[in-house]
Amino acid sequence: MLTVTLPDGSTRDYEQPVSIAEIAHSIGPGLARAALAGRVDDRLVDTSHVVEADASVAIVTERDNDGVEVLRHSCAHLMAQAVQRLFPEAQVTIGPVIEGGFFYDFAYSRPFTPEDLEAIEKTMAEIVKEDLTVERKMLDRDEAVRLFREMGEDYKVEIIESIPAGETLSFYRQGEFMDLCRGPHVPSTGKFKAFKLTSVAGAYWRGDSNREMLQRIYGTAWPNAKELRLHLRRIEEAEKRDHRKLGKNLGLFHFQEEAPGMVFWHPKGWTVYQVIQSYMKKVQDENGYLEINTPQLVDFSLWEKSGHAAKFSEEMFTVESDNRQYAIKPMNCPCHVQVFNQGLKSYRDLPMRLAEFGSCHRYEPSGSMHGLMRVRNFVQDDGHIFCTEEQIQSEVADFMQLLFKVYRDFGFNEVLLRLSTRPEKRVGADALWDQAEDALRQALNATGLDWELVPGEGAFYGPKIEYSLRDCMGRLQQCGTMQVDFFTAERLGAQYVAEDNSRRIPVMLHRAALGSFERFIGVLIEHYGGALPTWLAPVQSVVMNITDNQAEYCRKVEESLKNKGFRVTSDLRNEKIGFKIREHTIQKTPYLLVAGDREAKSGTVSVRKRGGDDLGTMTLDAFCGHLSADVAEYGRASSDGALRQTET
RNA sequence: GCUCGCAUAGCUCAGGAGGUAGAGCACUUCAUUGGUAAUGAAGAGGUCUCCGGUUCGACUCCGGAUGUGAGCACCA
């Protein structure tokens, strides 16, 4: 006799051990059909799993997030089975669930083509029709190695061999197909209703660029056709917001072959850039930063001293002149230490916060470049805080306050915090790493917000906190960073005189809020789909005449708005008003002002917002008030004012 | 950097057994002075990314380079 507690709190008694499928059936035949998996005391299991003792049990269906995950994972198996039916020589490797779908990596003699994908999808549909039972099997490790070796699955053999001998492993079989897998999986291949293979690409075996490249097929699976359709539409929407496309259409910037990975900013894009820069300048001024500027070319020896050359010399641009080797600076830190080093510093000077909008060049691998998001020349809103160990925590805390304010002003309300700790390749003693990691951990805990630990992902000189924004498409965009560094200052000879007259080495905090202007602007463009909030819009308002009669009046309106500090243009072309409205709407200008004879006579403007809202006719003063209020709101209009935490 | 794809007018894209190319928008000119998402007409615009090869002939086929896209790897 055992008692099963269901999610609604009700209980059911069974005479003997009972499977999830049987429990589902005893509740109702509809639920039995919908069952994809089960949850026993919070552990996800197959529907064939037998409950042997009292437990809380839930039937997992497609309405459950875990159910959708199971569906996708099983769909990866379904795809692998189809691939092996069509291409018997293809070897299977791994096939996990990812956000929104799944992939499976195959070793095959040639890449798969779009036509192959169609054929694979068709075969998948056939296997769905066959409604094959999916069975779980347990095998001893060595037995499994033997079995997969016989099947000619070398990659699976390698995976299984990396598991300690003597362990029992679970396998899943559906028809002729069998795969090593932790599970759980759907009970049969008839459960799939909506899936689509989306793309193929190469991917390294075990994520190691020294090993062979496999053929990865991406797919997506959903509980029904409608959700699949919505998913595909969301992808289309995201493509429309692509900052590379909008950057071209809105005339913000361009790239060209002669300068790969480096931006040509156009007047409008540069306006956005400069608005952001002066905003950051103001924020930094208000927060005790001293702005500096340092050279673009610095003798290579400085990079050797700082330790960057040892790790990144391949990624640095170099210049030779007068028999001297220079590097175009790939980062600002060593230069900031040089500024700190001028003149003897006292503990009274600390914390010293140096900031620079520092242009950096890095020879990024060609395949990693992506519009503004990853470029070879970028400008960081860089800052280095030289301080004592005791000051670390409050400095980190202060920076976070600054950061959250900045993000809110740009219209981002969700921030994800991550702590990256010591990597394998690093400098310095472990005791110092302990201390540095501890300092960041405590600062994170002090915020009261949740954060995520990412072991081994720190910089070579210190651990870091990374701040990622959630954009309106739900994607995470890493922007800000705060790094504790006990080593660079020492390497570059930075010192201060302490209270007891001893010489001490300052701690260096590396920090950036936006990350790089290029990337941040890319994120903004996509977040807003090009319709930047008024304070950022390159052109805030355009004045249009209806006939030539009002040209002079429009010029006056433009002039008067410009004098008040607004970014305004006028469009006096001999075109119909509808045509002009359309053009400036497409250009996403926040306010469209129309002046005909009526307005010219009464000294007013007719105001329309880019979204189509008609604000009616108002005096120029009234419009100025409206515009000022909008600008003063920054990007907060889209926020609820409070910083929300993002789900990790 | 790796795998695969792509590169045609300012932009978005067609095209063809291998016989030097086309649309829409934009641009220029003319007409039109029109009240909230496209007025009409005419004109101009191309070494079909670059370098080699095959061929009587290459934008088209082959090889390479460069750039770029998706993914992987990398990211101080």
Side-chain angles (χ1 to χ4, degrees), chain A residues 98 103 105 110-114 198-218 239 242 244-245 248-249 251 254-261 303 306-316 329-334 360 362-371 373-376 378 380 382 423 425 427 457-462 464 478 481 483 485 488 510 515-516 519 544-551 573-587 592-599 606-614 617:
Chain A
I98 52 172
F103 67 75
D105 286 348
R110 64 167 179 83
F112 294 111
T113 64
T198 48
S199 65
V200 275
Y204 296 110
W205 168 229
R206 300 212 138 176
D208 183 345
S209 58
N210 294 314
R211 304 202 62 175
E212 58 271 43
M213 189 154 267
L214 306 172
Q215 301 304 324
R216 174 171 297 180
I217 304 180
Y218 285 91
E239 278 166 13
D242 189 314
R244 293 166 297 188
K245 195 183 165 115
K248 194 178 277 180
N249 293 344
H254 86 273
F255 288 93
Q256 70 183 51
E257 212 166 322
E258 287 79 358
W303 308 104
S306 72
H308 291 100
K311 198 162 189 280
F312 296 110
S313 62
E314 293 290 302
E315 285 81 39
M316 283 158 73
K329 73 174 168 186
M331 56 176 350
N332 307 299
C333 340
C360 297
R362 296 179 185 174
Y363 188 79
E364 300 287 1
S366 57
S368 68
M369 289 189 291
H370 181 90
M373 301 302 194
R374 186 91 178 262
V375 285
R376 286 189 174 152
F378 54 92
Q380 296 174 314
D382 207 358
K425 283 190 185 170
V427 296
E457 292 294 315
F460 74 87
Y461 51 71
K464 60 184 175 188
Q478 201 230 302
T481 185
Q483 310 173 2
D485 176 0
T488 304
H510 307 242
S516 87
R519 188 180 151 70
M544 294 168 277
N545 58 343
I546 288 174
T547 73
D548 290 343
N549 286 333
Q550 308 90 35
R573 290 176 300 171
N574 174 16
E575 296 289 352
K576 287 191 170 173
I577 195 65
F579 178 86
K580 295 187 195 179
I581 294 275
R582 178 184 153 78
E583 276 207 348
H584 298 290
T585 300
I586 289 170
Q587 286 296 308
L592 313 182
L593 308 186
V594 176
D597 282 334
R598 289 203 295 272
E599 288 80 6
S606 163
V607 184
R608 180 189 160 113
K609 291 173 84 168
R610 61 187 157 195
D613 293 350
D614 185 357
T617 301

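All chains are named by letter (A, B, ...) in the order of the sequence lines, taking the proteins before the strands, and each is independently numbered beginning at 1.
Atom NE2 of A:H370 is separated from atom P of B:rA73 by 16 Å (rounded to the nearest Å). Atoms CD (A:E257) and C1' (B:rU49) sit 6 Å apart, rounded to a whole Å. As a whole-Å value, the separation of A:M369 CE from B:rG67 P is 7 Å. Residue A:N545 contributes atom CG, which lies 15 Å from atom P of B:rU36 at whole-angstrom precision. Going from atom NZ of A:K245 over to atom P of B:rG69 covers 14 Å, rounded to whole Å. What separates CD of A:E575 from P of B:rU36 is a distance of 16 Å, to the nearest Å. When the C1' atom of B:rG71 is taken as reference, atom CD1 of A:I217 falls 13 Å away, rounded to whole Å.
Using N1 to N3 plus N6-O4 or O6-N4 for Watson-Crick, or N1-O2 and O6-N3 for G-U wobble, each under 3.5 Å, B:rC74 pairs with nothing. Nucleotide B:rC6 has B:rG67 as its partner under the Watson-Crick or G-U criteria, with both atom distances under 3.5 Å. If you check B:rC48 for Watson-Crick or wobble pairing at under 3.5 angstrom, you find it has no partner at all. Nucleotide B:rG43 forms a Watson-Crick or G-U wobble pair with B:rC27, both donor-acceptor distances falling under 3.5 Å. Nucleotide B:rG35 forms no Watson-Crick or G-U wobble pair with any nucleotide shown, as no partner meets the under 3.5 Å limit on both distances.
In this structure, of B:rU68, B:rC74, B:rU39, it is B:rC74 that holds the atom nearest to the side chain of A:R374. With B:rC72, B:rA37, B:rG1 as the choices, the nucleotide that has an atom nearest any side-chain atom of A:I581 turns out to be B:rA37. Side-chain atoms of A:T585 lie closest to B:rA37 of the nucleotides B:rG69, B:rA76, B:rA37. Of the candidate nucleotides B:rU36, B:rA76, B:rC2, B:rU36 has the atom nearest to the side chain of A:V594.
Classification of A:D105 and A:R216 as a salt-bridged pair holds, one side-chain N sitting under 4.0 Å from a carboxylate O. In summary, A:E239 and A:R244 do not engage in a salt bridge, as defined by a charged side-chain N under 4.0 Å from a carboxylate O.
By the 5.5 angstrom centroid cut-off and the 30-degree plane limit, A:F312 is classified as stacked against the base of B:rA76.
Within 6.0 Å of CD on A:E314 lie no more than 12 heavy atoms contributed by other residues, nucleotides or ligands.
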